[in-house]
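Since the structure comes first, as structure tokens, the remarks are kept for the end.
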Amino acid sequence: MDFKKYPMAEPYKIKMVEPLKVTTREFREKAMKEAGYNTFLLRSEDVYIDLLTDSGTNAMSEDQWAGMMLGDEAYAGSKNYYHLEDAMHECFGYKHLIPAHQGRGAEQLVSRTFIKPGQYVPGNMYFTTTREHQELAGGIFVDVICDEAHDPNDESPFKGNVDLNKFEKLIKEKGAQNIAYITVGVTVNLAGGQPVSMENLRAVGKMAHENGIKVVLDATRAMENAYFIKKREPGYADKSVKEILREMCSYTDAATCSGKKDFHTNIGGFAACNDDDAATHMRSLVVVYEGLQTYGGMAGRDMEAMARGMLEACNDDTMRHRIAQSEYLGNKLIEAGIPVVRPIGGHGVFIDAKAFYPNVPQEQYVAQALAADLYVQSGVRSMERGIVSAGRDKVTGHEHKPKLETIRLTIPRRVYTQSHFDIVADGVIELYKERNKARGLKMVYEPKALRFFQARFEKL
Ligand code: PLI
């Protein structure tokens, strides 16, 4: 079989299905209004195609489900923890594993271990929960991603790269001792699922280590990043995803990871590191905030599913299919002239809301309005990734105004088929035809932390 001809061919067949509800436009108008024009507040059973997130929404394999039956639910020393530790060693290669209930649990452990109040924490674009935990630990986030990442039309293959000049300037200006660590997200979620090159990771590691600064990998979608390196970076075409991933991790000192993405599991996460003292410190925190150091908030069965899912994700075919689905949807939209972030990223397609609705200003939450309209139009749920997600500056209270104002059509792994993507594309294209009718929103309820999850809006 030549998969070059059929990149999206499924490397699996379907054994169990979940029915979907088709609703009317009137029904969806009412549901969206009741949900305060926030797609997070919709009931999932009222959604036809759910592209809110790829987090915990993936289809597990028969091997993972079989593993769920082998959960060792002992409070301490569960055998599933040791399986997870073995899988982490095999795929990522860090010395110590600290399990957590999900990615943000791990972020808390790492932030509280490595950040002293007042220290700077550079990163290749922010992620919502990551920055929140860094700030809660007293850190000051500084964006050091390359400029290309902020331009939706720039076609560079590695738009997740750290700008080494920005990183160097920060070190010179603030002093290395005032930098807690640098976070490198692979892929970069809010830039559109854009990857980081091996060359860049190597150079970041060198610059950081020469200055005594640690590198923390956000490994949440690291297998996807490894696949992009295989496809796009000279010298890696013949290496496996697993080999590439191990090399990526070798330039870093620690990692946080949400197990709910690449590993196809519904819950779970971990922190990992090579330093013995840091591991001891994280283990002293995990027992307070997550659970014992051999379960970290996960059931034994969830650890087993995650261990098995991790090994499955380190598979070139799994990743070929995964990335091909995002590209299929993205290319359909590009062909129809829809403004999307390019190149198409790993975990979904990001629509440039400012270009889609040029009449609605960013201050009227244009991407939030677009996500709400898309649901009403076609029953497809997407997520705002713009000014609402960016929140407010903790010191000035002003809203962050990100250059990228997008909605994300996120693709759960192994869940939807080609015809679902055709429907999504048609829905977006139909809505684009009506773009002159678009209206903005005003926020009527704003939570203090991570406001995008629970904020409520009204139509202007
Ligand atoms: O949702 P968590 O707590 O398991 O993971 C937090 C998290 C950390 N890093 C990155 C890059 C993420 O994408 C991430 C979670 N992402 C979500 C929920 C998403 O919808 O993208």
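Ligands are counted one by one from 1 in listed order, and the atoms in each one are counted from 1 as well. Below, all heavy atoms of this structure are taken into account, side chains as well, without hydrogens, waters or symmetry copies.
Look at E247 and K239 and you find no salt bridge, because none of the NZ, NE, NH1 or NH2 atoms lies under 4.0 Å from a carboxylate O. For the pair R413 and D54, the salt-bridge criterion is met [side-chain N within less than 4.0 Å of a carboxylate O]. With salt bridges taken as basic N to acidic carboxylate O contacts below 4.0 Å, none links K95 and E85. Taking the charged nitrogens against the carboxylate oxygens, K230 and D316 do have a contact shorter than 4.0 Å, which makes a salt bridge.
The G103 neighbourhood of ligand 1 comprises atoms 2 (P), 3 (O), 4 (O), 5 (O), with distances under 4.0 Å to a heavy atom of that residue. The atoms of ligand 1 that sit less than 4.0 Å from any heavy atom of T53 are 19 (C), 20 (O). Residue M383 has at least one heavy-atom neighbour below 4.0 Å for each of these atoms of ligand 1: 20 (O). Remark: ligand 1 atoms within the under-4.0 Å shell around heavy atoms of K260 are 4 (O). Atom numbering of ligand 1 starts at 1 in the shown order; those under 4.0 Å from a heavy atom of R221 are 11 (C), 12 (C), 13 (O), 19 (C), 21 (O).
Nearest protein neighbour of atom 6 (C) of ligand 1, counting heavy atoms only, is T129 OG1, 3.5 Å. Summary of contacts: the protein heavy atom closest to atom 5 (O) of ligand 1 is S258 CB, 3.3 Å. Protein heavy atom nearest atom 14 (C) of ligand 1, with residue, atom name and distance: F127 CE2, 3.2 Å.
For the pair R322/H347, a side-chain contact is recorded, criterion being any heavy-atom separation below 4.5 Å from C-beta on. The closest side-chain heavy-atom distance from V186 to L217 is below 4.5 Å.
Counting heavy-atom neighbours within 6.0 Å of K403 NZ, excluding the residue itself, gives a total of 12 or less. The local environment of CZ in R301 is sparse, with at most 12 non-hydrogen atoms from other residues, nucleotides or ligands closer than 6.0 Å.
Among H101, R104, H347, the residue whose heavy atom lies nearest to atom 3 (O) of ligand 1 is R104. With Q102, K261, M125 as candidates, the residue nearest to atom 16 (N) of ligand 1 on a non-hydrogen basis is K261.
Some N or O of D218 is nearer than 3.5 Å to an N or O of ligand 1, by distance alone. On a distance-only criterion, G268 and ligand 1 share no N/O pair closer than 3.5 Å.
A ring-ring contact (aromatic ring centres under 6.0 Å, His included) with Y365 holds for exactly one of F452, Y357, F457; it is F457.
Residue E107 places a heavy atom less than 4.0 Å from ligand 1.
When non-hydrogen atoms are compared, ligand 1 lies under 4.0 Å from neither the backbone nor the side chain of H133.
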